Amino acid sequence: MKEQLSNILREAQQIYFQIKNLEELENFRIKFLGRNGLLAQISDSFRNLSLEERKEIGKYFNFVKEEINKLYLEKKEILTSPQKIIFDLSHPGIRKDRGIKHILTQEIEEIKKIFFTLGFNIEEGREIVTEEENFDSLNIPPNHPSRDLWDTFWLNKKNYLLRTHTSAHQVEFLRKYGVPIKFTIIGKVYRHEATDQRHEMQFHQIEGVSVGEKSNLVELKSIFKIFFEKYFNKKIDIFFRTSYFPFTEPSLEVDINCFLCQSKGCQLCKKSGYLEVAGAGMIHPFVLRQASINSEKYFGYAFGLGLERLIMLKYDIPDVRLFHSTDLRFINQF
Ligand code: FA5
C-alpha cells in the first residue's frame, strides 16, 4: 500500500508540471484529492488493516495527501496571480525604457577625445574656487564689475564663490605642470544673470591653455579651425573679433554663423547673423608671472569655449534652457 501511495505522489508531481490552466487544475484536484479520487479510494482499504498497520500507513497517507494538496495550492497561486506569469516563456515581455547619457555628457566625452588627440591634457578643476583664483590671479582688479553680486554667486564662507569661468584654474595648472604645457579644463561654471535663449545661470566651459617658447596666435587660430572641423564634421566659417579680457593681450572673441537664421539675423543671434562661442587671446604676462613663469621667454594662448552654444549649433537647438529642462522629448532625441 505504501508503494501505491508513493506511485500516486510521483504521478501527481509529474502532472503538476503539465497543468496550464484552471480547468486542468480542477481535473487534477478531482483525480487525486476528490471524494472519489485516488487517495479516497485507497483510504477505503484501510479498514482491512490491523490497528498497528493502520497507524503506520496512516502517517504516510497524510504526508502524501499534504504534498499533493501543496502542489494543488501552489499551482493555483501561479495561475491566478499575474506576477507569476513571468515564468511563462511564451508570454510577451514588458517594454522597459532604458536610460541614456545626457547630450551634455555625450558631447563632453567627444570634445575631450578631440583635445586629447591635439595634445592637450584633460583637467576638471573644482566648482568652488577662491576670489584669488577666479579674479586676482587673472589680473581682474577689485573694482571690476564681474565681481559684482549680480554676476557672481558668492558663498557664505568669505572669499569663496562658484567659479564664473574655467579660467579660474589657469594659474593653478600652470604652477602644477610647469612649461611647456598644453591642457584643457572642462566643467560647469555659474553666473548670476538673467536667462534667455543664449544665456543660462549654469553652463559648461572648455578652457584651453598652451604655454611654450613659440606659442602664438596663428597656432591658436589653427587649433580652433581643427577643433571645429572635427567637432562639426564639416568646414566652418570662423570669425575672430578683437575684444578685451584683463587676462589676455591681445584678446579675441570667436563667432560662428547662426544656424537658426543662416546668418540673416534673428532673435537668437540678436540680428547679428553670428553666435559667439568663445573668448580667447594671448595670455597676459601678469598671469604667467603668477605661475612663476618667465614671461620674457615663454608665451601662451588661452581660450574659453561655451559648450552649450557649440551643441546648439551642432544640433540646431534654439534655446539653451532646454539642456536643463527635464523634458524627455528633448533629452530622448540624442
Ligand atoms: C570667459 O568666460 C573667459 N574666461 C574666456 C576666455 C578664456 C578668454 C581664456 C580668454 C582666454 P565669456 O564670458 O565670454 O569669457 O564666456 C566664454 C563663452 O562662454 C562665451 O563665448 C559663450 O559661448 C559662453 N557663455 C558665456 N556666458 C554664457 C551663459 N550665460 N550661458 C551660456 N553660455 C555662456
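None of these values were measured; they are calculated from a predicted model.
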Discussion item. Can you tell me if K65 has over 12 outside heavy atoms packed within less than 6.0 Å of its NZ?
Written reply: no
Worksheet item: When rounded to the nearest 0.5 angstrom, what is the spacing between CG in L79 and CD in E23?
Response: 12.0 Å
Discussion item. What I'd like to find out is whether the side chain of V277 reaches to under 4.5 Å of the side chain of I238, using heavy atoms alone.
Written reply: no
Worksheet item: Parallel, tilted or perpendicular for H324 and H204, by the 30°/60° rule?
Response: tilted
Fill in: Residue pair L310, I111: steps toward the side chain to side chain contact (heavy atoms under 4.5 Å, CB included) verdict
CA-CA 10 Å; L310 291 179; I111 287 170; 4.3 Å; yes
Item to complete: Would you check if the side chain of T184 reaches a backbone N or O of F120 as a donor-acceptor pair within less than 3.5 Å?
Response: no
Item to complete: Look only at the side chain of H102 and the backbone of F323, and say whether a donor-acceptor pair between them is shorter than 3.5 Å.
Response: yes
Worksheet entry | Backbone of E132 reached by a side-chain donor or acceptor of S137 within 3.5 Å | yes
Worksheet item: Does NZ or CZ of K314 lie under 6.0 Å from the centre of the six-membered ring of F232, at an angle within 45° of the ring axis?
Response: no
Worksheet item: Does the ring centre of F247 sit less than 6.0 Å away from the ring centre of H165?
Response: yes
Discussion item. Counting neighbours of CZ on F330 that are heavy atoms of other residues, nucleotides or ligands and sit closer than 6.0 Å, is the number greater than 12?
Written reply: yes
Discussion item. Quick one: does any side-chain atom of S272 pair with a main-chain N or O of Y274 as donor and acceptor, under 3.5 Å?
Written reply: yes
Worksheet item: Counting N and O atoms only, with roles assigned by atom type, does the side chain of S50 sit under 3.5 Å from a partner on the main chain of E53, one being a donor and the other an acceptor?
Response: yes
Worksheet item: Can you tell if the side chain of S6 reaches within under 4.5 Å of the side chain of Y60, non-hydrogen atoms only?
Response: yes
Worksheet item: Is R147 paired with E131 through a side-chain N to carboxylate O contact shorter than 4.0 Å?
Response: yes
Worksheet entry | Side-chain touch L288/V179, heavy atoms, less than 4.5 angstrom | no
Worksheet item: With a 4.5 Å heavy-atom cut-off, do M312 and L275 have their side chains touching?
Response: no
Discussion item. I'd like to know if the side chain of N134 reaches the main chain of T164, judged simply by a donor and an acceptor atom lying under 3.5 Å from each other, with no hydrogens or angles considered.
Written reply: yes
Worksheet, complete the sentence: Heavy atoms of V320 and D196 approach each other most closely as CG1-O, 3.5 Å
Discussion item. Under 3.5 Å, is there a donor on one side chain and an acceptor on the other for Y315 and Q333?
Written reply: no
Discussion item. With rounding to the nearest 0.5 angstrom, report the NZ to CG distance, K59 to N62.
Written reply: 10.5 Å
Discussion item. Quick check: is Y244 connected to M282 through a chain of hydrophobic side chains (ILVMFWY, heavy atoms under 4.5 Å apart)?
Written reply: no
Discussion item. Is there a side chain to side chain contact (heavy atoms under 4.5 Å, CB included) between H144 and F135? Walk through the geometry before answering.
Written reply: CA-CA 9 Å; H144 195 276; F135 299 118; over 6 Å; no
Worksheet item: How far does CG of L38 sit from CD1 of I8, to the nearest 0.5 angstrom?
Response: 5.0 Å
Discussion item. Can you give me the closest heavy-atom contact between Q170 and A302, atom names plus distance?
Written reply: NE2-CB, 3.5 Å
Discussion item. Quick check on the hydrophobic clustering: are F239 and L217 connected, directly or via other members, by side-chain heavy-atom contacts under 4.5 Å?
Written reply: no
Fill in: Side-chain (E207) to main-chain (I185) donor-acceptor, under 3.5 angstrom
no
Discussion item. What's the separation between atom CD1 in I206 and atom CD1 in I186, rounded to the nearest 0.5 Å?
Written reply: 5.5 Å
Item to complete: Please say whether more than 12 non-hydrogen atoms of neighbouring residues, nucleotides or ligands are located less than 6.0 Å from CD in E110.
Response: yes
Response to the item:
CD (E26) and CD1 (I19) are apart, to the nearest 0.5 Å, by 10.5 Å
Discussion item. Could you check whether any side-chain N or O of R309 sits under 3.5 Å from a backbone N or O of E276, counting only pairs where one atom can act as donor and the other as acceptor?
Written reply: yes
Worksheet item: Would you say F245 and N139 make side-chain contact, with heavy atoms under 4.5 Å?
Response: no
Discussion item. Are F32 and Y72, when compared by the centres of their aromatic rings, separated by less than 6.0 Å?
Written reply: no
Discussion item. Between the side chains of E229 and K225, is the shortest nitrogen-to-carboxylate-oxygen separation below 4.0 Å, so that they form an ion pair?
Written reply: yes
Worksheet item: Is there side-chain contact between N216 and E219, with at least one heavy-atom pair below 4.5 Å?
Response: yes
Fill in: Residue pair H169 / R163, side-chain donor-acceptor N/O under 3.5 Å
yes
Fill in: Check: F28 ring centroid to Y16 ring centroid under 6.0 Å
no
Worksheet item: Counting only heavy atoms not in I100, do more than 12 sit closer than 6.0 Å to its CD1 atom?
Response: yes
Discussion item. Just checking N36: does its CG atom have more than 12 heavy atoms from other residues, nucleotides or ligands closer to it than 6.0 angstrom?
Written reply: no
Worksheet item: For G273 and C269, which heavy atoms make the closest approach, and how far apart are they?
Response: N-SG, 3.2 Å
Worksheet item: Between L174 and A291, what is the shortest heavy-atom contact and its length?
Response: CB-CB, 3.7 Å
Discussion item. Using ring centroids (six-membered ring only for Trp), state whether F228 and F303 fall under 6.0 Å.
Written reply: no
Worksheet, complete the sentence: side-chain contact (heavy atoms from CB on, under 4.5 Å) test vs S210 passes for just one of F299, Y301, F183, namely Y301
Item to complete: Go through Y231 and L305 one step at a time and tell me if the side chain to side chain contact (heavy atoms under 4.5 Å, CB included) criterion holds.
Response: CA-CA 13 Å; Y231 182 65; L305 283 151; over 6 Å; no
Worksheet item: Could E109 and K112 be called an ion pair, given the rule that one side-chain N must be under 4.0 Å from one carboxylate O?
Response: no
Worksheet item: Going by an N to O cut-off under 4.0 Å, is there a salt bridge joining R126 and E133?
Response: yes
Worksheet item: Under 4.5 Å between side-chain heavy atoms, hopping through other hydrophobics if needed: is there a path connecting L22 to I30?
Response: no
Discussion item. Within the 4.5 Å heavy-atom criterion, are D151 and R191 side-chain neighbours or not?
Written reply: no
Worksheet item: Linking I/L/V/M/F/W/Y whenever their side-chain heavy atoms sit closer than 4.5 Å, directly or via other members, would L39 and L73 fall into one cluster?
Response: yes
Worksheet item: Would you say the side-chain atoms of E24 and Q18 include a donor-acceptor pair closer than 3.5 Å?
Response: no
Fill in: Connected via hydrophobic side-chain network under 4.5 Å: V171 and I181
yes
Discussion item. Can you give me the closest heavy-atom contact between A280 and T248, atom names plus distance?
Written reply: O-OG1, 3.9 Å
Worksheet item: Under the side-chain hydrogen bond (donor to acceptor under 3.5 Å, both in side chains) test, which residues partner N121, sequence neighbours left out?
Response: none
Worksheet item: Between atom CD of E56 and atom CD of E52, what is the distance when rounded to the nearest 0.5 Å?
Response: 8.5 Å
Discussion item. Set out, in order, the CA-CA distance, both residues' side-chain angles and the distance that settles side chain to side chain contact (heavy atoms under 4.5 Å, CB included) for I331 and I103, then state yes or no.
Written reply: CA-CA 7 Å; I331 293 168; I103 181 65; over 6 Å; no
Worksheet item: Of the non-hydrogen atoms in L104 and L307, which two are nearest, and what is the gap between them?
Response: CD2-CD2, 3.9 Å
Practice prompt. Mark yes when over 12 heavy atoms from residues, nucleotides or ligands other than E124 sit less than 6.0 Å from its CD; otherwise mark no.
Written response: no
Worksheet item: Is any side-chain heavy atom of I128 closer than 4.5 Å to a side-chain heavy atom of K157?
Response: no
